[in-house]
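The next block holds one structure in the form of structure tokens; read it before the comments.
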Amino acid sequence: MSTLEIKDLHVSIETEQGTKEILKGVSLTIRTGETHAIMGPNGSGKSTLASTIAGHPRYTVTSGTITLDGEDVLAMSVDQRARAGVFLAMQYPVEVPGVTMTNFLRTAKTAIDGEAPKLRTWTKDVKAAMEQLRIDADFAQRNVNEGFSGGEKKRVEILQLELFKPKFAILDETDSGLDVDALKIVSEGVNRAHAEGNMGTLLITHYTRILRYIKPEFVHVFVDGQVVEEGGPELADRLEEEGYDRYAKGAGAATIAADAAVQA
């Protein structure tokens, strides 16, 4: 069993108005085999947490720690974090002109594992994963995310998840922009990766609809850069009925505006 542990994490960014603290003492522990959902209103710091774990250079950790099996994640470069088993499915996947899906996937897998996968086995695995995610075979020869729809980009993120087999997957609003059919396909891919690799999952979302397909054992409510309530699946059900108003009334407007500006 592996453990990703976040302790009293404080994170800031630089804005035109000066330094803004976004995360204000976040503590969270995720173990392989567990699924955690982070829910909260827009601008509450959820995506900042995801980006900080992955190593985005815009975010400055002012105090606190992130460790993976006792190793200091904050001391690792972005590629070292990936090799250690941290995967981020981005909220807004970027296009990579000039790099085909085939080349990208095999190069990334080689970098993560330290050796190239056997070509025959790898080709079979890629084909099977693409079929399960309803990704047309022609996409293998297209440039990464170039001209893809929003739903296609999200399915490609989950394709990477299934092929790279990380210890921990951070899914940053993977459900955004997906219709019902695409949401089910993406969720099935996450569930396969979770079951086959005993993966730990940190699912970031505004809404409960994805939780109908990906069942968390733990739910954390995020407001104003802090975890304000924790519970089981029943907490998500309550949020579906009540929304975030009772939490957001105490939120810091400056922090919410700053984090929303970062995501824009």
Between Leu49 and Ile38, is a side chain to side chain contact (heavy atoms under 4.5 Å, CB included) present by the stated rule, with each step listed?
CA-CA 10 Å; Leu49 176 62; Ile38 289 184; 3.5 Å; yes
So Arg106 and Leu119, side chain to side chain contact (heavy atoms under 4.5 Å, CB included) or not? Walk me through it.
CA-CA 9 Å; Arg106 192 160 192 264; Leu119 189 56; 3.8 Å; yes
I need the minimum non-hydrogen distance between Ala193 and Leu161, along with the two atoms involved.
CB-CG, 4.0 Å
Between the CD atom in Glu173 and the CG atom in Leu178, the distance rounded to the nearest 0.5 Å is 11.0 Å
Thr19 side chain to Glu14 backbone, donor-acceptor under 3.5 Å:
no
Go through Thr35 and His194 one step at a time and tell me if the side chain to side chain contact (heavy atoms under 4.5 Å, CB included) criterion holds.
CA-CA 9 Å; Thr35 297; His194 184 85; 3.2 Å; yes
Nearest heavy-atom contact between Leu133 and Gly189 is CD2-CA, 4.2 Å
Checking Thr107 side chain against Phe104 main chain: does a donor-acceptor pair fall under 3.5 Å?
no
Looking at Lys109 and Ala116, would you say the former's side chain and the latter's main chain have a donor-acceptor pair under 3.5 Å?
no
Answer yes or no: are there more than 12 heavy-atom neighbours, outside Glu115 itself, under 6.0 Å from its atom CD?
no
Output for pair (Ile66 CD1, Leu74 CG), nearest 0.5 Å, gives 4.5 Å
What class does the angle between the rings of His220 and Phe218 fall in, given that below 30° is parallel, 30 to 60° is tilted and above 60° is perpendicular?
parallel
Please evaluate residues Val96 and Asn143 with respect to the criterion side chain to side chain contact (heavy atoms under 4.5 Å, CB included), reporting the C-alpha separation (whole Å), side-chain torsions for both, the decisive distance (0.1 Å), and the verdict.
CA-CA 6 Å; Val96 188; Asn143 293 336; over 6 Å; no
For Gln141 and Thr100, does a side-chain donor sit closer than 3.5 Å to a side-chain acceptor?
no
ILVMFWY network linking Phe139 to Val99, side-chain heavy atoms under 4.5 angstrom
yes
Which residue in the set Ile6, Val11, Thr60 passes side chain to side chain contact (heavy atoms under 4.5 Å, CB included) when paired with Thr52?
Val11
Between Arg134 (side chain only) and Ile185 (backbone N and O only), is there a donor and an acceptor less than 3.5 Å apart?
no
Euclidean distance, Phe87 CZ relative to Thr201 OG1, rounded to 0.5 Å
11.0 Å
What are the two closest non-hydrogen atoms of Ile170 and Val86, and how far apart are they?
CD1-CG1, 3.9 Å
So that I can tick it off, tell me whether Asp138 and Arg142 are bridged by a salt bridge, with the cut-off set at under 4.0 angstrom between side-chain N and carboxylate O.
no
I'd like to know if the side chain of Asn191 reaches the main chain of Tyr213, judged simply by a donor and an acceptor atom lying under 3.5 Å from each other, with no hydrogens or angles considered.
yes
If we ignore angles and hydrogens, is there a donor and acceptor under 3.5 Å between the side chains of Glu21 and His10?
yes
Got a second to check how far Asp125's CG is from Met130's CE, nearest 0.5 Å?
13.0 Å
Go through the steps for Asp8 and Ser27 under the test side-chain hydrogen bond (donor to acceptor under 3.5 Å, both in side chains), then give the verdict.
CA-CA 5 Å; Asp8 195 26; Ser27 295; 5.3 Å; no
Path from Phe168 to Met1 over hydrophobic side-chain contacts below 4.5 Å
no
Donor-acceptor contact present, side-chain Tyr244 to main-chain His206, <3.5 Å
yes
One pair to check against salt bridge (charged side-chain N to carboxylate O under 4.0 Å, His left out): Asp69 and Lys167. What are the steps and the verdict?
CA-CA 11 Å; Asp69 294 334; Lys167 293 179 182 176; 3.6 Å; yes
Which distance, rounded to the nearest 0.5 Å, do you find between the CZ of Arg212 and the CZ of Arg209?
8.0 Å
Closest heavy-atom pair, Gly232 versus Val219, reported as atoms and distance to 0.1 Å, is O-CG2, 3.4 Å
Is Val61 reachable from Phe222 through a run of I, L, V, M, F, W or Y residues, each pair having side-chain heavy atoms under 4.5 Å apart?
yes
Check whether Glu240 reaches the backbone of Asp237 with its side chain - one donor and one acceptor, N or O, closer than 3.5 Å.
no
Rounding to 0.5 Å, atoms CG (Leu105) and CH2 (Trp122) come to a distance of 5.5 Å
Would you confirm whether Asp179, through its side chain, and Ala182, through its main-chain N or O, come within 3.5 Å as a donor-acceptor pair?
yes
Looking at Leu28 and Leu202, what are the two nearest heavy atoms and their distance?
CD2-CD1, 3.9 Å
Under 3.5 Å, side chain of Glu34 to main-chain N/O of Arg31, donor-acceptor pair present?
yes
Can you sort out the partners of Arg192 under salt bridge (Lys or Arg N to Asp or Glu O under 4.0 Å), two or more places apart, ordered by chain and number?
Glu162
Ignoring hydrogens, what is the shortest heavy-atom contact between His36 and Pro216? Give both atom names and the distance.
C-CB, 4.4 Å
Can you check side-chain hydrogen bond (donor to acceptor under 3.5 Å, both in side chains) on Ser47 and Gln91, steps first, answer last?
CA-CA 8 Å; Ser47 292; Gln91 184 176 354; 3.1 Å; yes
Using modelled atom types and a 3.5 Å cut-off, is there a donor and acceptor pairing between side-chain atoms of Ser44 and backbone atoms of Gly225?
no
Carboxylate-amine/guanidinium proximity below 4.0 Å for Lys154 and Asp175
no
